Number of protein chains: 2
Amino acid sequence: MPNTLPLLEAEYPAAARLLSPLGRRAELPLGIPQQSAQAAGCERQATIGQITAGSGLPLTLPALASHFTELDPKSAFLYAPTAGIRALREAWKVRMNLPGTSLPVVTNGMSHGLSIVADLFSSPEHPIVLAQPYWDNYETIWHMRNGAEMLDFPFFGADRRFNLGGMSDRLDALRGPATLLLNFPNNPTGYAPTHAEAEAIVARIHAHPHPLAVLCDDAYAGLYFSEACYGKSLFGALAAGADRERLLVCKVDGATKELVFFGGRVGFLTFSAEGAVGEALVEKASAVLRGTISSVNAPAQAAVLAALRDPNLVAQQEEVFGVLRRRYTALSSALLAEGVDALPFNSGCFAMLQLRPDQDAQEVRMRLIREQSTGVIAVPSANALRVAFCSIDEVDIPDLVRRVAAVVNG
Amino acid sequence: MPNTLPLLEAEYPAAARLLSPLGRRAELPLGIPQQSAQAAGCERQATIGQITAGSGLPLTLPALASHFTELDPKSAFLYAPTAGIRALREAWKVRMNLPGTSLPVVTNGMSHGLSIVADLFSSPEHPIVLAQPYWDNYETIWHMRNGAEMLDFPFFGADRRFNLGGMSDRLDALRGPATLLLNFPNNPTGYAPTHAEAEAIVARIHAHPHPLAVLCDDAYAGLYFSEACYGKSLFGALAAGADRERLLVCKVDGATKELVFFGGRVGFLTFSAEGAVGEALVEKASAVLRGTISSVNAPAQAAVLAALRDPNLVAQQEEVFGVLRRRYTALSSALLAEGVDALPFNSGCFAMLQLRPDQDAQEVRMRLIREQSTGVIAVPSANALRVAFCSIDEVDIPDLVRRVAAVVNG
């Protein structure tokens, strides 16, 4: 593979300037996969280090293969290409339906997409701006692993709306390349921006004068429960107006929540560039992917592809969405009825309950376990509790909230 | 989680000294998984960010879930634990049957195990010693990704035996912590040490005076075709005599070849320490794993576990092994019959053909494609060709070798 850095420097200067030292040197070697590809049409093929029948079909063990059904054997049991099964990448791109973006790279779940973006663009010199509280794995990925500084701002302002001012202040203070992480619908708050908030966020980012990689962590894509929500990823609007001197946009999404396949680890990473420039970014991501896991598990990719082609998929997704929406409605009503102080939530899987200044989140969490046999997550940085309504049956939600209220309002 | 570094410093000084800067700071946060675990027995559970029925069973989409059969739904469709499904880790440990070693960590294929070992123990200050030629992804993992120096030595000596002297010279020159990579059966040579060679390698390593992490890349474990082979991993013998002041041994193996599940990406990483010290190393590996992919795909883990419990597995593995052994025998005979200069090979998936000094490996490879419609891999660093007999039917091997001989001996 040729070095793609000169192309990025010429055609997408922001991307080139955003690269970390690892990102700059990330390159696929001209190795065995390329030599195999050149010999693809040969009558005798002795290039491939996989145990196959001469026909190229896998030689599988029934004790194992019998657990996978109606999947193309070559796709499911042999190595997938580094960037993922091509037909799956194309199907996901069609589903996103956004012009001017790259073909997605298949990642091993969404964490892996985040980790690749962190490897490519973050370092001790390239910090990350993000709302607080945030998922603890962000700290493991960016700070522990890549040594990046975490420049956080409170998710909600004093008015309990998305804290655009806090985000803006952090961006104002930047003097060089950085990443901005946007996670909507948000974990842990369960909040997604309104139309007006979305427009303001996009406008602020488009006005940023320095190289900025915006990472849309769209883990909870599609789970919007209020008409007020903007109701889609900011990736499209951000990418559409991206000035290549200043802005790169990356989208991480996947089958984990959208196809309710938590164990499958099928994620996607897409960049705000098509054609050769998009391919150059895909190659950088593929080099990091090859250097961590070689390739993503193939049966799960094949199953997601089969599901995307299944005409019943959308109805099945809507059924699960309906279950979640009813849980959301039940939780909203019960919190109101019991007078529990909930922060705004309109999407995703969670709600966050605000504790009083005289309450300690870890202490309240432990009391809920002991006194009410009720498990929630403590979010000490916001002095709040996170309630996952995605895993509680609708019928049990009033009882859950009564138990929480007994301690929180006590 | 408590910081495990003091424990390693006290109980396994070599491991502590071998850690890279990332390895030193690798730690699992006291995060959501731990809070969930504390609430495990509660009547109301709102900790888990997965979409489930209240019973904890996954809410799956039939369009997707129908492709997986006879797997425990919780194991297959929900997140696996960070270090892997516990029963699978235990089953793999029983299968290894080695005392004094850790419970294996499940990795996303063997590349991921290599990459975790590289992250934990390699850096620009901690080089890696390895035989040349080597798999090109080693360079991506150690050099591109972690900036480690690659200190190589020729795999075969002038006598066409394993080059113990070359390995020894590289070790002699070390003054501080380093990794030694041993890949037997080897890619690309298809060679594994004899009993005498294995003993000499182990003795040389046990005599090394500085902290050394030996990584046994056992990707091709079990594929031995000659009585002369030592016939098992060096991990057991190395770990059994490991002085904790000087030697850490890591084993990477997996279902990829052993269960003929190339697409599955189920690998294992095991350390030469049991009990709390083994757990401390497992925790370091888990922290890196969480910061790259969060967890390994669950359906493949569940399927490998089911296969390991299937009484028919061993017979099915032996059937595939028989296919490979017949291909090995056919290739050996055909090379002899055609007078092709093959380097010694006795195991694994490959054979390496030595070219004459006046031949160029890439040129010969391209001629084989053009003139003989035959694909092999060029190994320029050894002026050799790699032939993968694992993917050629026995009946086609004589014809393959005739085509190769027509160019190579021409």
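No experiment lies behind these values; they were computed from the predicted model shown. In what follows, every chain begins at residue 1, and chains take the letters A, B, ... in the order their sequences are listed. What's counted below: heavy atoms across the whole structure, side chains too, no hydrogens, waters or symmetry copies.
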Using non-hydrogen atoms only, which part of [X] is less than 4.5 Å away from chain A: side chain, backbone, both, or neither?
X        : result
B/Asn297 : both
B/Val323 : side chain
B/Ser66  : backbone
B/Ala76  : backbone
B/Ala26  : both
B/Val320 : side chain
B/Arg309 : neither
B/Trp135 : side chain
B/Leu22  : side chain
B/Gln317 : both
B/Leu305 : neither
B/Asn187 : neither
B/Met110 : neither
B/Ala287 : both

Which atom names give the shortest non-hydrogen contact between [X] and [Y], and what distance separates them?
X       : Y        : answer
A/Arg44 : B/Leu400 : CB-CD1, 3.8 Å
B/Gln35 : A/Ile377 : OE1-CA, 3.3 Å
B/Phe68 : A/Ala300 : CZ-CA, 4.4 Å
A/Thr47 : B/Gly375 : CG2-C, 3.4 Å
A/Ile51 : B/Lys257 : CD1-O, 4.2 Å

Any side-chain heavy atom of [X] sitting closer than 4.5 Å to one from [Y]?
X        : Y        : result
A/Val260 : B/Pro58  : no
A/Leu64  : B/Gln316 : no
A/Asn137 : B/Ser294 : yes

(request) Go through the steps to decide whether A/Arg403 and B/Glu43 satisfy the test side chain to side chain contact (heavy atoms under 4.5 Å, CB included), and finish with yes or no. (result) CA-CA 11 Å; A/Arg403 291 171 189 239; B/Glu43 291 163 23; 2.9 Å; yes

Interchain contact, [X] with chain B, by part (heavy-atom threshold 4.5 Å):
X        : result
A/Ala302 : neither
A/Phe350 : side chain
A/Leu368 : neither

Is [X] reaching over with its side chain to a backbone N or O of [Y], donor-acceptor style, under 3.5 angstrom?
X        : Y        : value
B/Arg265 : A/Val296 : no
B/His67  : A/Thr69  : yes
A/Ser391 : B/Ile48  : yes
A/Gln50  : B/Phe262 : no

Heavy-atom pairs under 4.5 Å with chain A: which of [options] has the most?
options                              : result
B/Thr60, B/Val288, B/Leu61, B/Ile369 : B/Leu61
B/Met366, B/Met144, B/His112         : B/Met144
B/Arg365, B/Gln45, B/Glu139          : B/Arg365
B/Ile141, B/Thr256, B/Thr374         : B/Thr374

Picking from [options], which has the most non-hydrogen pairs under 4.5 angstrom with chain B?
options                                : result
A/Glu319, A/Gln38, A/Glu394            : A/Gln38
A/Val387, A/Thr292, A/Asp310           : A/Thr292
A/Ala39, A/Ala46, A/Ser111             : A/Ala46
A/Val395, A/Val304, A/Asp399, A/Val266 : A/Asp399
A/Glu70, A/Arg290, A/Arg386            : A/Arg290
A/Ser373, A/Gly291, A/Ala307, A/Ala298 : A/Ser373

(message) Quick check for you: to the nearest 0.5 Å, what is the distance between B/Thr140 atom OG1 and A/Glu27 atom CD?
(response) 9.5 Å

(request) Enter the distance from A/Asp136:CG to B/Leu28:CG here, rounded to the nearest 0.5 Å. (result) 9.5 Å

(request) For a side-chain contact (heavy atoms from CB on, under 4.5 Å) with A/Ile293, tell me which candidate from B/Asn108, B/Leu114, B/Thr107 qualifies. (result) B/Asn108

